[in-house]
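To start, the structure itself, in structure tokens.
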Amino acid sequence: MTQTSHEEVRIGVYICHCGSNIAGTVDVAEVSRWAGLLPNVVASHDYKFMCSSLGQELIEKDIQENGVNRVVVASCSPHLHEPTFRNACARAGLNPYLFEMANIREQDSWVTVDKGEATKKAQALVAAAVGRVAHQQPLNSLFVPINPDVLVVGGGITGIQATLEIANSGRHVYLIEREPSIGGHMAQFDKTFPTLDCSACILTPKMFDAGNHKNVTMLTWSEVEKVEGYIGNFTVTIRKKARYIDVDLCTGCGVCQEKCPKKVIDDVFEAGLGYRKAVYTPFPQAVPKYPVIDRVNCTFFQKGTCKACEKFCPTGAIKFDQADEVITVTVGNIILATGFDLFDARKIPQYGYGRLANVFTSLEFERLTNAAGPTGGKVVMRDGVTVPKTVGIIHCVGSRDKNYNNYCSAICCMQSLKFAHLVKEKTGAEVYQFYIDMRTPAKAYDEFYQRIIHEDVHFVRGKVAEVTDAARNPGEEGKLIIQVEDTLVGKQRRIPVDMVVLSAGLEARADAKEVALKFGISCSADKWFIEKHPKLDPVATMTDGVFVAGACQGPKDIPASVAQGAAAAARVLSIIGQGEIEIEASTAIVDELACVGCKECITTCPYQAIEFLEDKQKAHVIEALCKGCGTCVGACLSKSISLRHFTDDQLVAEMIGAMWTMKQFERAELEAQNA
Amino acid sequence: MTNSFPDLEEAQVILITGSNTTEQHPIIATRLIKLQDKGAKIIVIDPRYTQIAQIADIYLRQKPGTDLAWFNGLMHVILRDNLANQDFIKERTEGFEELKAKVADYTPERVEEITGIPAEKLVEVAHLYAKAERSAIFYCMGITQHTTGVQHVWQCANLAMLTGHIGRPGTGVNPLRGQNNVQGACDMGGLPNVFPAYQPVTKDDAREKFQQAWGVEKLPAEVGMTIMEMMHGLENGKVKAMWVMGENPSLSDPDINHVNKALQAAEFLIVQDVFLSETAQLAHVVLPAASYAEKDGTFSNTERRVQRVRKAIEPLYGSKSDMEIICLVARKMGARGFDFETPQQVMAEINQLTPSYGGITYERLEELGALIWPCPNGEHPGTPFLHKDKFARGLGLFHAIDHQPPAEEPDEEYPFILTTGRIMFHYHTGTMTRRIEKLDREVPTCVIEINPADASRIGLNGKNKVRLQSRRGELIAEAKTTERVDPGVVFMPFHFVEAAANILTNPALDPVAKIPEYKVCAVRVELAE
Amino acid sequence: MPEPKIIGFLCNWCSYRGADTAGMARLKYPPNVKIVRVPCSGRVSPELVLRTFREGADGVMVLGCHIGDCHYSTGNHRAAKRMPVLKKVLEYSGIDPERLCVNWVSAAEGERFAKIITDFTETIRALPPLTEEMTWTKG
Amino acid sequence: MEYKNVLTTCPFCGTGCGFFLQVLDGKIVGVLPDKKHPVSQGSLCVKGWNAHGFIYHEDRLKSPLIRRNGKLVEASWDEAIELVATRLGEIKAKHGPDSIALLASAKATNEENYLFQKFGRAVIGTNNIDHCARL
Amino acid sequence: MDQRLEALLQTIQKVLPDVDGIIGLKVNAAGHIAPHLFRKEAPAELDGLAIWPKYPTPDTLRLIQKAHPGAKLGMVVRGCEERGVVEMFKHAQVDLSNISLIGLQCTREEAEFCRCAKPYTAHAKLTVGEPIEGVPDPVTEGFLAKTREERLEYWKEQLVRCIKCYGCRNVCPQCFCNVCALEDEKWVGTGWLPMPLPPMYHLVRSMHMTAKCVACRECEEVCPADIPMAIQYRLIAGDVKEMFGYETGVSMDEKPPQLLVLAEGEFERTGLPH
């Protein structure tokens, strides 16, 4: 790699004491002295706290007054202070990419016992950084203009929140939802913990706002097919599935649903407990108000006759010949709020769901207690009439269980407590809570827990082994028996109940991986979308311009989801506000003279960031798409593609610096032994 | 070479000396190495521990310039231990008694003192070479480029004759010719003393034959000048004009400061070459020549194998083949006998006048691929090995030779011995190979070799620059430390104009062959910065 | 016996942070491994590993994110495909494939990191120095 | 569209390896070793493999050069040949044939070397002919 | 004339009218054989048609196509050459849309010379000769029986002879890079013989042959030092097949596995720790 400028390399090296964090183990003065002898090093200092303003000034002064044009700071992890020192360099007029850091705290002084060894390791790491920095090149960031329109994927509460935040600020939002209506899981709930607000009462106005906002284009019954482009510049292809309803003519009067002769078990919204028609809106408050025709169940589509809906529709809005429509929209940012799936309780056969009639899932229970639900809010057993006298609520079903999901689903404790309260309130039944640990860490949550304790609910700490209807004594006849080890008393217990509610955990959407691939982001092993940083950047992803919010990123309750929706909106608005955005400077670049056009880099790039220039028969990196992972470099046999700031020269020089030092010490030791 | 590759496959012992074979004659080297798989033993005697030395079964390292001594030592042991081939000596040679007397003094111990070769190793080699049924000697410039170069060659012959390892397949004395057609240039009379096929210019019948054939009244009868004499001639005014065809003495000759002065003194210097070589830059007329790929002709390799060169493309950039240029000039000067259209016609004339090439016609080459001379007529199959039943002069003559030191030995002022040579990736003065990207990338510039002990003594740390000085000049080059050379010895390739080894080399000549002592001169080595 | 010289190529997002995590937890491990930070284990070309051996390293580590956790989505998949082949090449060349350690460490796995480093240093300690093995037998 | 292979002999040392020059549309595009060659037996060294590498080099002399006022300047072949013939004739006439020396070439063909020494001996009338066999 | 040669000639004459030329082998001079483009307009050239020794003709195709992208060509291919062409196609180095492959099935003798496991073509529509079964590769099998230490010794014995001619790379039809990593001082030290250990040239080359080597053995044939480097390429090909289910030259559209994400079960087969 040719050096762009032929100016002499003059390196300044700064060894940080970090109080005694480093200096207590590493002989910093010796490292500094020794570094001063390395090739191209013109200044070498050690200082108490390099990250302090005085420490930074040391660097700035050397750059400005002593002609230092490469800087090495040996201190803590670059993840902590690389930006700090890069800024210091920039302030002094040095390109920040001419800076390199040696990590002699986290990776040396804190982990090495022997002081002599720690000093030697520090020397090797400094020599490595010195070797590397000599090969570093100034980099300038690329700026791309931001298309102010935004795509929000998922019309649950998170997506609605994000949509409204952005739309209210005057930016246009495309809100896309694959079900016929927005609302998501929250629309299915009756009450929300810990305040026991009516879910519909707080959600419906927001749905309405989103659906009728002048800055929102709502695309329900639609799915994203393809995403191309990069931050500021995405082109999204969307399939609007045929509703078989002309929405321009439909008034949402509901006559079609009334007249439709075909009843279908509604296992989406009603969790299988209720019915809908073949033409339907999922629930009365649906937004938009237009129904869809369920082609699979529609008699006309299946048998060619019926058309009852068409006959009765007062506006002639039924259109059996409607086809899917594929549209493209261009947006600058994308928020994914695709939510979660409920753990399928059938996977734990010993809990009996699907086999034992009166074992319910949490979602089924939500529908049971919902006044708009199939039982009108009555808590009854599967026969639809019997009110249970005892109810067992089992926590952590499919969560905190190494056989299924290791993680805690975050909402089940509170949800189960809510259920207990509702059962008590509606039936007065005995309620047992079977829990592993009670986790109620948010505002007013523990208070709710305390309240439920005082509502005479039985708490049994222990993982339920089995739910069975095999009675061992007459008292158990006709009951569901919950077999559990009560770890508080250290005893096996069998508790007969009438009804069992399984507080099923949350899981990533079944198609999360495909969706991630579509949007160029990653999934963790349990398929939750990965945020850029779990603490400091929780809604961004590694793909600039693509954000995640709500339960698609990990189990979350409503307040957290709403907060994330708003947070993602804020991030997006901040980007839009910048007008243009700086993208990763460490991107790959193709040496066209060397490139032989074999397309291996194109195949291997995880971001489709490399295109093939047909006219030149060469590969070409779309810088705005490149994330700087360097996978292409690892694949290119002719080394025609390189990654800026992680070039082969730089990495080899770094490695040689460390190896050279180790070999020097080894030789010195050998000579000392021989002498 | 007395022998050719196919028959050399039968060798059981291969003694290589003064040849960095893997780098200078890579394909010969690998052919020899492959014989190891069939059980052959390779012995290498060389001051540098080269790749072939590393591969060898036995490697002996002598001090540069002490070859006469170890040859005598080998022969001493062979005679002492009754390993000589007495029948061969009796029937085929003369001068044996003098030789015997001479080598009597060269006990292995004494040889060890002179050469540094351990006595027991010398004995081992002597036994191995002598006892094998078929042993072959290979040598190259490491043997010849000395003031005692001819004597070295005689020593090779002595050794081969003493043991009868000559005149049969798998034996012989096999010089490896450095350049692609150095054999042919000699065969064709590109020498001051002979016509083609080594017919002496001093012999009346030879001159008459050529006078008649070429249609000239009188051909000169005195031996002409050698290169070094020409250079002196230019300097002292005896030579006024010089025509250089595809050579680059400005870089290849010893003491080039002196050579360049001489060339600059020329009244008229003509250079024809493919590129503007260092010599061409001094010329009065430069004639662009076609490359090997742009012309037809023949090359004779080191085995005396005559092979075709074929035109793949027309001459580029308006260049002309050397043949066409010579003919144009000759015709312009009014000469007859230069009306050739094709090299094939020239070869027909060569067939007539050059007995050893008598049967080497283009028709036969096309049919057979190649012919090894001597090939006197159109039916002759060629001669894969020489000296089968008798030597050219009849009986083989032993030469009794004492060890003599090189012309210039290290002293306090110039404490190192400089030895020069080639490397794998370049050819001669680099005129062509340094313009081949892939070769240039491999070795872009001159790197000298120095022993680590010497390197640390002069304060060399890693790959620094060193200054080399001899009595004739100085230069700066990169240095690499390696055990390949002994302490006190530095090696340097001569391909590179920016650090031209021949600034330093000694123009002292072998009195017979007039070959300069490239392989030994005294230099000083110090840090350049 | 000289101490093993080891270079570790660690991905910036998981394993390098895992090393930081080990540091923050003050876990102790041998100092032999010197870390070179790379953006992703997928960036590590076989040539880079081999050059490190050429430079005299007795062992080379390539540590990345766990499969499925790659911050570049699937960069580490490429490492998981290239590196086993490289281990085979080493094996067929007579170089102990144990000298190349390929493993996965998340940002949270300080302990795992320290254990991998300790174990690998011990593995290499049990082998002769590579430079000793890498000398020509002839001559 | 034409692709052929021309068998020739390597110009880079005395071994005499054989190889094919690959000629595509009248241009040399590469070297292929000759698997049936008695010397090289299908192998080549690095120089042989790259023996075509200098042929199209931009440094190739593009026309005869004549030194005028101390500088080498381009000239026509006619001019150059005329000058060489005239000057050699003059010098021979003035200083005798032995004032002219010729360096033949270990890199040129047999035919060319033969002609060159013939020129020296028959046309100039001198035995001052040598080449760098010794170098 | 040899029967097979006669049959090949007839097949070529059948194809020739429909193409611009046919790539095959020809006696060029003095009985020496090399690749050649037989042109429709010069049918007499076919008198010199030859079939052995083989040459890396996939590279000939690449050279000709680079200069004449649209040319309609026929090409005589053995099994290995066909695999070579297929792999080059996958790496966008040749375009097969205008190419008619004429498969030449190898004889037992030829297959044994190459220690070839697949001495037959699989894609060519026209074929000459009867396909035979693959033959064992005793060299590779013998190597596999060695311990690690013996392997190291073995390669040292072999590689000390390497004269860095780059012949194995030059002749390889799968080596088509403009700039070769083997020529980069950064990876392979330059200018020194024997090349220092570890044998970077051969290590890097072995890596680069992953999922590329078509087992034509041209590299071994041109090696002046007779180094049997195909042993490594062949063993690695076996591993790649085992781990990733990939075989060179088999299918036209399967991408080389090392470029792709892990498929089901592949990670387990790599033997890497979890």
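Letters A, B, ... are given to chains in the order of the sequence lines, protein chains preceding strands, and every chain is numbered from 1.
Rounded to the nearest 0.5 angstrom, B:N193 CG and D:I129 CD1 are separated by 10.5 Å. Taking CD1 from D:I28 and CD1 from B:I313, the interatomic distance works out to 3.5 Å, rounded to the nearest 0.5 Å. A distance of 8.5 Å separates NZ in D:K47 from CZ in B:F425, rounded to the nearest 0.5 Å. Rounding to the nearest 0.5 angstrom, the gap separating the CG atom in D:L102 from the CD1 atom in B:I270 is 8.0 Å.
Residue B:R331: no heavy atom, backbone or side chain, is found under 4.5 Å from chain D. For chain D, the nearby part of B:D296 is the backbone; its heavy atoms alone come within less than 4.5 Å. Looking at B:Q307, the atoms closer than 4.5 Å to chain D (heavy atoms on both sides) sit in the backbone and in the side chain alike. Proximity to chain B is limited to the backbone of D:S63, based on heavy atoms less than 4.5 angstrom apart. For a residue to count as touching a neighbouring chain, one of its non-hydrogen atoms must lie under 4.5 Å from one of that chain's; by this rule B:V306 touches chain D with the side chain only. Residue contact with chain D, scored on non-hydrogen atoms closer than 4.5 Å, involves the backbone and the side chain of B:E267 alike. With a 4.5 angstrom heavy-atom cutoff, B:L282 touches chain D only via backbone atoms. Interface residue D:L44: only backbone heavy atoms are found under 4.5 Å from chain B. For a residue to count as touching a neighbouring chain, one of its non-hydrogen atoms must lie under 4.5 Å from one of that chain's; by this rule D:A51 touches chain B with backbone and side chain alike. For chain D, the nearby parts of B:V274 are the backbone and the side chain; heavy atoms of each come within less than 4.5 Å. For B:F340, the part lying under 4.5 angstrom from a heavy atom of chain D is the side chain only. Contact annotation for D:L83: both backbone and side-chain heavy atoms come within less than 4.5 Å of a heavy atom of chain B. For chain B, the nearby parts of D:V46 are the backbone and the side chain; heavy atoms of each come within less than 4.5 Å. In this structure, the portion of D:I91 lying under 4.5 Å from any heavy atom of chain B is its side chain and not its backbone. Looking at D:V123, the atoms closer than 4.5 Å to chain B (heavy atoms on both sides) all sit in the side chain, from C-beta outward. Only the side chain of D:Q41 comes within contact range of chain B, judged by heavy atoms closer than 4.5 Å. Neither the backbone nor the side chain of B:D510 comes within contact range of chain D; no heavy atoms are under 4.5 Å apart. Using a 4.5 Å cut-off between heavy atoms, D:T126 touches chain B through its backbone atoms (N, CA, C, O) alone. Proximity to chain D (any heavy atom under 4.5 Å) is shown, for B:M333, by both the backbone and the side chain. In this structure, chain B has no heavy atom under 4.5 Å from any part of D:W49. Interface residue B:S321: backbone and side-chain heavy atoms are both found under 4.5 Å from chain D. No part of B:A370 comes within reach of chain D, as not one of its non-hydrogen atoms sits under 4.5 angstrom from that chain. Using a 4.5 Å cut-off between heavy atoms, B:L509 does not touch chain D at all. For B:A283, the part sitting under 4.5 Å from any heavy atom of chain D is the backbone (N, CA, C, O) and nothing else.
Options B:L176, B:T22, B:V194 differ in how many heavy-atom pairs under 4.5 Å they form with chain D, and the most are formed by B:V194. In terms of heavy-atom pairs under 4.5 Å with chain B, the best-connected choice from D:T109, D:D59, D:L61, D:N113 is D:L61. Listed options B:T144, B:V239, B:V216 were ranked by heavy-atom pairs under 4.5 angstrom with chain D; first place goes to B:V239. For chain B, the option among D:K27, D:H37, D:K94, D:K92 with the highest count of heavy-atom pairs below 4.5 Å is D:H37. Between chain D and the options B:G190, B:G184, B:P26, heavy-atom pairs under 4.5 Å are most frequent for B:G190. Per-residue heavy-atom pair counts under 4.5 Å with chain D were compared for B:H25, B:R31, B:Q272, and the maximum is reached by B:R31.
Within residues 12-21 of chain D, the residues having any heavy atom closer than 4.5 Å to a heavy atom of chain B are D:F12, D:C13, D:G14, D:T15, D:G16, D:C17, D:F19, D:L21, listed by residue number.
Proximity of B:H284 to D:I66: side-chain heavy atoms (C-beta onward) are nowhere separated by under 4.5 Å. Using a 4.5 Å cut-off on side-chain heavy atoms (C-beta onward), B:R305 and D:V39 make contact. With a 4.5 Å cut-off on side-chain heavy atoms, B:F210 and D:R121 do not count as touching. Counting heavy atoms from C-beta on, the side chains of D:S43 and B:T30 never come closer than 4.5 Å. Looking only at side-chain heavy atoms (C-beta outward), B:L191 and D:H131 come within less than 4.5 Å of each other. Using a 4.5 Å heavy-atom cutoff, the side chains of D:I100 and B:W243 are not in contact. Contact of the B:P288 side chain with the D:W77 side chain is registered, since non-hydrogen atoms from C-beta on lie closer than 4.5 Å. Within the 4.5 Å cutoff, side-chain heavy atoms of B:H428 are placed close to those of D:K107.
Shortest non-hydrogen contact noted between D:N127 and B:P220 is ND2-O, 3.0 Å. Between D:A108 and B:D322, the closest heavy-atom pair is CB-OD2, 4.0 Å. What you find for D:A80 and B:L287 is that their closest heavy atoms are CB-CD2, 3.7 Å. D:I55 and B:Y317 make their closest contact through O-CE1, 4.1 Å (heavy atoms, listed as atom of the first residue, atom of the second, distance). The minimum heavy-atom distance between B:M347 and D:E111, with the atom names listed, is CE-OE2, 3.4 Å. Considering every non-hydrogen atom in both B:A185 and D:S105, the closest pair reads CB-O, 3.7 Å.
Of the possible polar contacts, one joining the B:R310 side chain to the D:L7 backbone as a donor-acceptor pair under 3.5 Å is found. Counting only distance, with no hydrogens or angles, the side chain of D:D130 and the backbone of B:I227 share a donor-acceptor pair below 3.5 Å.
A cation-pi geometry, defined here as NZ or CZ lying under 6.0 Å from the six-membered ring centre and within 45° of its normal, holds between D:K118 and B:F338. Annotation: cation-pi pair D:R87/B:F268 present, NZ/CZ under 6.0 Å from the ring centroid and within 45° of its normal.
Between the side chains of D:H57 and B:E437, no donor-acceptor pair of N or O atoms lies under 3.5 Å. There is no side-chain donor-acceptor pair under 3.5 Å between B:D187 and D:N110.
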Walk me through whether D:T8 and B:Y292 qualify under side chain to side chain contact (heavy atoms under 4.5 Å, CB included). CA-CA 9 Å; D:T8 193; B:Y292 75 99; 4.1 Å; yes

Practice prompt. Evaluate the criterion side chain to side chain contact (heavy atoms under 4.5 Å, CB included) for residue pair B:F275 and D:R60; output intermediate values, then yes/no.
Written response: CA-CA 5 Å; B:F275 295 103; D:R60 279 286 295 266; 3.9 Å; yes

| request: For the pair D:Y114 and B:E349, evaluate side chain to side chain contact (heavy atoms under 4.5 Å, CB included) and give the outcome as yes or no after the intermediate values. | output: CA-CA 9 Å; D:Y114 171 82; B:E349 186 171 310; 2.5 Å; yes

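With a 6.0 Å radius and a threshold of 12 heavy atoms from other residues, nucleotides or ligands, B:K238 has its NZ atom at or below the threshold.
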